[in-house]
**Q** 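Structure provided below as structure tokens; questions to follow.
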Amino acid sequence: MARILYSGNRNASSWAFRAWIALREQNIDFKELIVDIRRPQRWKNLAEIGAFSPPAAVPVLVDNECVIYDSLAIMEYANELGDGSLLPSNIKLRAQARSLVAWQHSTFSKVCACLSFESAFYKEKKQLTTNEITEAEWVYSIWEKHLIEHSGPYLVGEFSLADIALVPSVLRLKAHHSVSENFPLTREWIQRLLERPHIQEWLTEAYALEPIYCEGYYSS
Ligand SMILES: N[C@@H](CCC(=O)N[C@@H](CS)C(=O)NCC(=O)O)C(=O)O
């Protein structure tokens with residue numbers, strides 16, 4: 001097998017999760033090597049990744065001589081290697097899908113910043129602050145608007161990279177603050193999204209792992 005995805009722990013690597021979903025959804029053949037990014041071995045293992053990939057992070061897809069780093073580049077590559085269906089053919093819808101992906105990729109992590117991906121898998125969840133609840137509700141309202149505008153079933157109509165990019169955020173937000181009846185389309189979208197077989201496959205493995213506790217989670 002000449003195509004290798006250097007991935008991360010199922011319950012820790014949200015970025016690898018996105019790349020992996022895109023590859024699987026497009027039926028791309030690849031071998032996966034899971035890099036253990038738990039501390040303290042994280043540093044040694046990522047340094048080894050740095051020997052062939054400048055960011056020294058996961059995910060990295062090595063396709064023969066081509067090293068593709070960063071989940072966003074891998075998602076786009078998966079879509080192009082496959083049938084291209086993960087981005088809408090309509091230019092404006094495609095731009096909207098890319099806007100959601102870009103937002104997730106750049107500043108979205110500041111939303112409820114103390115809710116790491118790892119925390120989505122904790123048995124005991126902390127209580128959110130009032131500000132965090134307001135932020136979560138605001139995000140749900142934005143997803144709801146997208147779903148109303150495009151009549152679903154996914155954020156920009158058909159299933160796309162936008163939905164894939166948001167899976168880890170869906171998990172960490174909904175694990176801490178359930179989506180109320182005020183956002184009926186969002187509730188249905190989340191259920192539809194998380195029931196996709198590939199996403200289920202990753203999550204089943206993730207829930208079976210020992211949780212990875214992040215410092216400060218219960219005290220922040
Ligand atoms: N922008 C990168 C972020 C990758 C990233 O931060 N990966 C984490 C694991 S989920 C990592 O390897 N971090 C190591 C580091 O940043 O030192 C991407 O989308 O692939």
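When a ligand or atom number is given, it counts from 1 through the structure's own listing order.
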**Q** May I ask whether R42 places a heavy atom under 4.0 Å from ligand 1?
**A** yes
**Q** Which protein non-hydrogen atom lies closest to atom 1 (N) of ligand 1, naming both residue and atom, and how far is it?
**A** D70 OD2, 2.9 Å
**Q** Measure from the ring center of H198 to the ring center of F159 and say whether it is less than 6.0 Å.
**A** no
**Q** Which one holds for I49 and ligand 1: side chain close, backbone close, both close, or neither close, with close meaning a heavy atom under 4.0 Å?
**A**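 No part of I49 comes within reach of ligand 1.
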**Q** For L61, which of I74, I4, D70 qualifies under side chain to side chain contact (heavy atoms under 4.5 Å, CB included)?
**A** I74
**Q** Considering W15, Y6, Y69 one by one, which has a heavy atom nearer to atom 6 (O) of ligand 1 than any of the others?
**A** W15
**Q** Which residue holds the protein heavy atom closest to atom 14 (C) of ligand 1, what is that atom called, and what is the gap in Å?
**A**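 Residue, atom and distance for the closest contact: L46 CD1, 3.3 Å.
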**Q** Using distance alone, determine whether S13 and ligand 1 share an N or O pair under 3.5 Å.
**A**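 Between S13 and ligand 1 (N or O atoms, distance only) the closest approach is not under 3.5 Å.
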**Q** Under a heavy-atom criterion of less than 4.0 Å, does P59 contact ligand 1?
**A**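 P59: in contact with ligand 1 (<4.0 Å).
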**Q** Atom 7 (N) of ligand 1: which protein heavy atom is closest, and how many Å away?
**A** V58 O, 2.8 Å
**Q** Can you confirm whether or not the ring centre of F52 sits under 6.0 Å from the ring centre of Y69?
**A**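 Between Y69 and F52, which both carry aromatic rings, the centre distance is not below 6.0 Å.
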**Q** Donor-acceptor pair, N9 side chain versus I34 backbone, under 3.5 Å?
**A** no
**Q** Give the minimum heavy-atom separation between A22 and I164, together with the two atoms involved.
**A**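 Reported closest heavy-atom pair: CA-CD1, 3.9 Å.
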**Q** Note the single closest protein heavy atom to atom 19 (O) of ligand 1, along with its residue, its atom name and the distance in Å.
**A**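 So the nearest neighbour among protein heavy atoms is S71 OG, 2.6 Å.
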**Q** Taking all non-hydrogen atoms of both residues into account, name the closest pair between Y217 and K126 and its distance.
**A**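 Reported closest heavy-atom pair: OH-N, 2.8 Å.
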**Q** Is the closest side-chain donor-acceptor distance between E158 and S85 under 3.5 Å?
**A** no
**Q** Looking only at protein heavy atoms, identify the closest one to atom 11 (C) of ligand 1 and say how far it is in Å.
**A**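 Checked against all protein heavy atoms, atom 11 (C) of ligand 1 sits closest to A57 CB, 3.7 Å.
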**Q** Any idea which part of R18 is under 4.0 Å from ligand 1, heavy-atom wise: side chain, backbone, both or neither?
**A** neither
**Q** Could you give the distance from CD1 (I21) to CD1 (I199), rounded to the nearest 0.5 Å?
**A** 4.0 Å
**Q** Going by the atom numbers of ligand 1, which of them fall below 4.0 Å from some non-hydrogen atom of I37?
**A** 9 (C)
